[in-house]
Amino acid sequence: MPDIRRFRSGLPLVFMAGLCAHMPAAVAGSALMPQPRAYHLQSGAMPLTGGVVVEWQGMRSALLDYAVERFMQRLAALSGRDAAPMGRPGLTLRIHCLARDADMLSIHMHEHYTLRTDTQGATLEADGPAGVLRGLATLLQLVERRDGGPVLDAVGIDDAPRFAWRGLLVDVSRHFMSLAALERQLDMMELTKLNVLHLHLSDGQGFRVESRLYPRLQQVASHGQYYTQRQIRELVAYAAQRGIRIVPEFDTPGHSYALLLAYPQYAAQPVAAPMDPKRVVRAAIDPTSPQARDFIARLYHEMAGLFPDAYFHVGGDEVRPDEWTGNPRINAWMQQHGYTTAALQAMYTQHVHDMLTRDGKIMMGWDELLDAPIPASIVIEPWRGSRYTAAATQAGHPVVVSSGYYLDLLLPAVAHYRVDPLDPQGNGLPPDQVAQAHAPFFEPFALDPAARMTPAQDARVMGAETALWTEIVTEEMLDNRLWPRAAALAERFWSPASVRDEASLAARLPVVQAELELLGNRATADRARMMARLVPDDVTPLATLLSVTSPVRNYAHNHVFGPSRVAPTADPRPLDHAADIAATDNAQATLFYHDVLSYLAGQKDLAASLHARLENWRGNDIRLRRLAQRDPSVAEVLPASALLAQLAQAGLDAMDRPATSWRERAEAVVATAQGQSAASASMLAVRGHAQPAGDLLPDITPGIVALVQAAPTPGKVLQQDVGQQ
């Protein structure tokens, strides 16, 4: 693992406090994310003692002027200096935009740039305005705060993205997200070079855009939370200034409960208020009704006019066949015309495709659209596994990949980072395990060992996007659930396929997150507020526990697959439990594992620090139990706290090797921790195993395993829990 200390660890953030407590002052080194395609560190660095002087060459526009203004404000925040101190020399930034880009804000926009920094300043040259924006984002990441003041690393960079489509999907139907929250995510996207915001704007829980043709959509289907058409235009403009396109998704014919609650005459099966939690994921439009098709045509035409992007996502996923076959009239129509449910959906898809084509739009949909023949021009978004990337490209479809990148699975960043968009075996469940499970629901998620990709198929992959579905994500949780994992995937989508060093990723993630928080990200602040609300008397014991624990994975926290399955209710539980606050990637646990490996490799001066951390985690259990006596809201995490204390004791025993027998106890507690991790290692595992109390997993397990394995006392070898790192 590379020395984590060589990255910029001196950023003064609460997020970094624990990490920095064990790190010396930062020295030169880059924590760029995404990594450029060509990067050369030069000698020397430029002190940032003054303001910024911009020298323009080539094309200049209002968009670029706004971009430079944002850059200056962000540079001031990162460097800790005033934006433009008077009377002092500063950074000379030479920007050469070679030409206007006729393809700006399209799949073909020019994002290539070169960047050179030295003691004379910075020179940024780009093929078009988007390249300038990407280069400015990189330039900000070159800022280092040293003991003597902020400096700009000297580098030479030649950079361009691997994929043209680098997206982030945010579901605003299940939980509504304010305009301010979305604008904040657009800022983070600009800083990490993501360039498509995919908004999931309608689903069973809500339709979120004002319709002037069908006002009951905001009056009934939005439950009072929606974006006005003016707000949509403002959001589109805000994104455009940052070189980001917005692609809307209005999901039909399934996932349409909210829409049909407003206009029930178009439903295949009756819908009624109040919301039926069993029907919310099932209700579908009647595709045999000409009136229903006309309704969708007029609605899509109105919505398409609000979003200038060429692409329009219509969903098309998870249509329940019995919504149609259970309607006697629809079923008779299908039999009369010889239609299966797949063919019926294909007919509906063809109608939607034709109407969107007349509006000048390119249709997108989820991989279920492949179940029957559809026009090859439709963009397919595989989500159930990499096998559908191979199938869609083989059928001639353009593809945007999201399988492997669902952040709501609550996997750590590295698990998503390992999946390459072009790998047909990159994401899916083992087929033998799926067969043994005898669960038809999981069959589409099985890997296809025969799936292959040719160079021609690779060329049809426009890119990929990471997705956050918000059944269990409120606006207060949004930043914490998106970042820094979205930054790791921004690198997977931008950087060359050869950029795969997981240890480097682990070292850079907390640095990048710290920079994002200086520039507006609210992950740490929102977590702190949620903790303070949960335990107002004393937040420290809970904060200590959550600094080294993460939530259970693969929808175990939703309790929708496992033996402790929770039935959907009209009033779902509040998202204010400890596991709702916990992060998926914890810098404290990452640093602990790194330091354990360094200690075992001979860096014995780390012993005192490791001892102190282990003793703190062991002693925290007593503090948390005392807190629980006054505040029962933390009672559900006491088993997780006890396990953390036992793991810490195992680590101390492994380091000190007391005379009494300790290894058997250490192996038992490690086996317990590894068993809890295994219980949510996949959706299949969740189906068959109960989850730990409080839905929390200990992230220090790999470090404890390493300590116990290294102890010379004879004993069985423990399995390294690589899933935690």
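- For the residue pair H175 / E475, no side-chain donor-acceptor distance below 3.5 Å is found, with atom types taken as modelled.
- The main-chain N or O of P412 is never found under 3.5 Å from a side-chain atom of T584 such that the two would form a donor-acceptor pair.
- By the 4.5 Å heavy-atom criterion applied to side chains, T192 and W483 are counted as neighbours.
- Rounded to the nearest 0.5 angstrom, L409 CG and H416 NE2 are separated by 6.0 Å.
- Side chain of R687 to main chain of A437: a donor-acceptor pair is present (N/O by atom type, distance under 3.5 Å, no hydrogens or angles).
- Looking at S641 and D621, their side chains do bring a donor and an acceptor atom within 3.5 Å of each other.
- Atoms CG and CD1, on L591 and I700 in that order, are 13.0 Å from each other to the nearest 0.5 Å.
- Atom CD1 of I622 has 12 or fewer heavy atoms from other residues, nucleotides or ligands within 6.0 Å.
- R145 places none of its side-chain heavy atoms less than 4.5 Å from the side chain of V151.
- Counting heavy atoms from C-beta on, the side chains of M477 and T470 never come closer than 4.5 Å.
- Nearest heavy atom pair, residue A587 against residue P510, reads CB-CB, 3.9 Å.
- Between the side chain of H594 and the backbone N or O of T590 there is no donor-acceptor pair closer than 3.5 Å.
- Taking the charged nitrogens against the carboxylate oxygens, E476 and R522 have no contact shorter than 4.0 Å, which rules out a salt bridge.
- A salt bridge does not link D576 with R533: none of the charged nitrogens is closer than 4.0 Å to a carboxylate oxygen.
- Between the side chain of R527 and the backbone N or O of A582, no donor-acceptor pair lies under 3.5 Å.
- The two residues L168 and E465 make their nearest non-hydrogen contact at N-CB, 4.0 Å.
- Between A579 and H557 the shortest heavy-atom distance is CB-CE1, 3.5 Å.
- A donor-acceptor contact closer than 3.5 angstrom is absent between the side chains of S403 and R384.
- From S680, atom OG reaches atom CG of D695 across 8.5 Å, with rounding to the nearest 0.5 Å.
- Looking only at atom types and distance, the side chain of Y555 has a donor-acceptor partner in the side chain of D408 under 3.5 Å away.
- Between T466 and L169 there is no side-chain heavy-atom pair separated by less than 4.5 Å.
- Judged by distance alone, with hydrogens and angles left aside, the side-chain atoms of R553 form no donor-acceptor pair with the main-chain N or O of A679 at under 3.5 Å.
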Candidate pair R500 and E491, rule salt bridge (Lys or Arg N to Asp or Glu O under 4.0 Å), full reasoning: CA-CA 10 Å; R500 306 193 64 84; E491 178 163 287; over 6 Å; no
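- In plain terms, the two heavy atoms of V552 and A556 that are nearest each other are CG2-CB, 3.6 Å.
- Counting heavy atoms of neighbouring residues, nucleotides and ligands inside a 6.0 Å radius, atom CZ of R529 exceeds 12 of them.
- The CZ atom of R418 sits 10.0 Å away from the CG atom of L411 when rounded to the nearest 0.5 Å.
- In this structure, H223 contributes its side chain and Q205 its backbone to a donor-acceptor pair below 3.5 Å.
- A donor atom on one side chain and an acceptor atom on the other are not found under 3.5 Å apart for R625 and N620.
- D526 contributes no side-chain N or O that, together with a main-chain N or O of A523, makes up a donor-acceptor pair within less than 3.5 Å.
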side-chain contact (heavy atoms from CB on, under 4.5 Å) assessment of L614 paired with H611: CA-CA 5 Å; L614 290 167; H611 253 276; 5.9 Å; no
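- If you run side-chain contact (heavy atoms from CB on, under 4.5 Å) between L647 and each of V548, V669, T672, L652, only V669 comes through.
- Two residues are said to be in side-chain contact when any heavy atoms from C-beta on lie closer than 4.5 Å; E515 and M33 fail this criterion.
- Inter-residue side-chain proximity for V708 and R663 is flagged as met; some heavy-atom pair is nearer than 4.5 Å.
- Side-chain contact check for P551 versus R481: some heavy-atom pair is nearer than 4.5 Å.
- Under 4.0 Å is where a charged nitrogen must lie from a carboxylate oxygen, and between D501 and R508 no such pair does.
- Here the side chain of K604 pairs a donor or acceptor atom with the backbone of Y599 at under 3.5 angstrom.
- In this structure, A578 and E636 approach most closely via the heavy-atom pair N-OE2, 4.0 Å.
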Chi angles and distances behind the side-chain contact (heavy atoms from CB on, under 4.5 Å) call for L546, L696: CA-CA 9 Å; L546 296 186; L696 290 174; 4.0 Å; yes
Step-by-step side-chain contact (heavy atoms from CB on, under 4.5 Å) determination, Y405 to Y417: CA-CA 8 Å; Y405 308 127; Y417 189 75; over 6 Å; no
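- Between Q513 and N521, the side chains place a donor N or O and an acceptor N or O closer than 3.5 Å (distance only, hydrogens not considered).
- Between D171 and R174 there is a salt bridge, since a side-chain N of the basic residue sits under 4.0 Å from a carboxylate O of the acidic one.
- A side-chain donor-acceptor contact under 3.5 Å links T701 to the backbone of P698.
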Verdict with supporting geometry, V170 and H200, side-chain contact (heavy atoms from CB on, under 4.5 Å): CA-CA 6 Å; V170 178; H200 186 76; over 6 Å; no
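- Of all the heavy atoms in Q185 and L478, the pair that sits closest is NE2-CD2, 3.7 Å.
- Rounded to the nearest 0.5 angstrom, L186 CG and R184 CZ are separated by 11.0 Å.
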S550/D699 under side chain to side chain donor-acceptor pair (under 3.5 Å): CA gap, chis, key distance, verdict: CA-CA 7 Å; S550 58; D699 291 343; 2.8 Å; yes
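- Between R657 and D653 there is no salt bridge, since no side-chain nitrogen of the basic residue lies less than 4.0 Å from a carboxylate oxygen of the acidic one.
- Atom OG1 of T540 is separated from atom CG of L627 by 9.5 Å, given to the nearest 0.5 angstrom.
- In this model, no donor atom of one side chain and acceptor atom of the other lie less than 3.5 Å apart for N554 and S682.
- Between W662 and Q649, the closest side-chain pair of non-hydrogen atoms is not below 4.5 Å.
- Each of L545, D538, T544 was scored for a side-chain contact (heavy atoms from CB on, under 4.5 Å) with P541, with one residue passing: D538.
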Side chain to side chain donor-acceptor pair (under 3.5 Å) assessment of W494 paired with Q35: CA-CA 8 Å; W494 175 283; Q35 289 281 292; over 6 Å; no
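- A salt bridge links D595 with R613: the distance from a Lys NZ or Arg NE/NH1/NH2 to an Asp or Glu carboxylate oxygen falls below 4.0 Å.
- Between the side chains of E517 and T524, at least one donor N or O lies within less than 3.5 Å of an accepting N or O.
- A donor-acceptor pair under 3.5 Å is absent between the side-chain atoms of D153 and the main chain of V143, judged by distance alone.
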